[in-house]
A.B. asks: 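The following block contains the structure, expressed as structure tokens.
Residue indices begin at 1 and follow the sequence shown.
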Amino acid sequence: QVHLVESGGGLVQAGGSLRLSCTASGSIFSINHMGWYRQAPGKQRELVATIRSGGSTNYDDSVKGRFAISRDNAKNAVYLQIGSLKPEDTAVYYCNLRQWGLAATARDYWGQGTQVTVSS
């Protein structure tokens, strides 16, 4: 019952910047985690960054200092500001929302993904 829609991907040159956006709709609780994951061809999906409703963040070491995650709780939106892009950042980026329902059961929701391609 939660739907996520990403936007902002595209083709950029190495060293460039990009901003990804994701908006959630549906039965969203006020306390939740949102984040960004990415998956390159032939590789498993990996965590990029997460942010809690209170604002605390977590980044993968590979993107610290280059990526910045933020959110707008009023809009149920999450953003990923990307700088100093590298070819190895090329992947499909997925938006994620995690929240807890009855019996403290966690459930993850995913967007359709947005392609980021970095050329050298």
A.B. asks: In Å, rounded to the nearest 0.5 Å, how long is the span from CG of Leu97 to CD1 of Ile28?
C.D. replies: 6.0 Å
A.B. asks: Rounded at 0.5 Å granularity, tell me how far OH in Tyr94 sits from CZ in Arg38.
C.D. replies: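 Answer for the OH-CZ pair, Tyr94 versus Arg38, is 13.5 Å.
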A.B. asks: Testing Asn73, Asn96, Ile69 for side-chain contact (heavy atoms from CB on, under 4.5 Å) with Val78, which one passes?
C.D. replies: Ile69
A.B. asks: Rounded to the nearest 0.5 Å, what separation is found between the CZ atom of Phe67 and the CG atom of Leu18?
C.D. replies: 9.0 Å
A.B. asks: Among Trp36, Trp110, Tyr79, Tyr109, exactly one meets side-chain contact (heavy atoms from CB on, under 4.5 Å) together with Cys95. Which residue is that?
C.D. replies: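 Filter result, single survivor: Trp36.
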A.B. asks: At their closest point, which heavy atom of Tyr59 faces which heavy atom of Ala68, and how far apart are they?
C.D. replies: OH-CA, 3.3 Å
A.B. asks: When Asn32 is tested against each of Arg71, Arg98, Arg52 for side chain to side chain donor-acceptor pair (under 3.5 Å), which residue passes?
C.D. replies: Arg71
A.B. asks: With rounding to the nearest 0.5 Å, note down the distance linking NE2 in His33 to OG in Ser53.
C.D. replies: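 Here the interatomic distance stands at 6.5 Å.
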A.B. asks: Roughly how far, to the nearest 0.5 Å, is CG of Asp108 from OH of Tyr37?
C.D. replies: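 With rounding to 0.5 Å, OH (Tyr37) is 6.5 Å from CG (Asp108).
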A.B. asks: For Gln115 and Thr117, which I'm curious about, is there any donor-acceptor pair between the side chains at under 3.5 Å?
C.D. replies: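 Their side chains do contain a donor-acceptor pair, which is all the 3.5 Å distance test asks for.
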A.B. asks: Taking NZ, NE, NH1 and NH2 as the nitrogens, is one of them in Lys86 or Asp89 under 4.0 Å from a carboxylate oxygen of the other?
C.D. replies: no
A.B. asks: Calculate, to the nearest 0.5 Å, the distance between atoms OG and CD belonging to Ser119 and Gln13 respectively.
C.D. replies: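 Separation between the atoms: 5.0 Å.
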A.B. asks: Could you report the tightest heavy-atom contact between Ala49 and Leu80, atom names first, then the distance?
C.D. replies: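 Closest approach of Ala49 to Leu80: CB-CD1, 4.5 Å.
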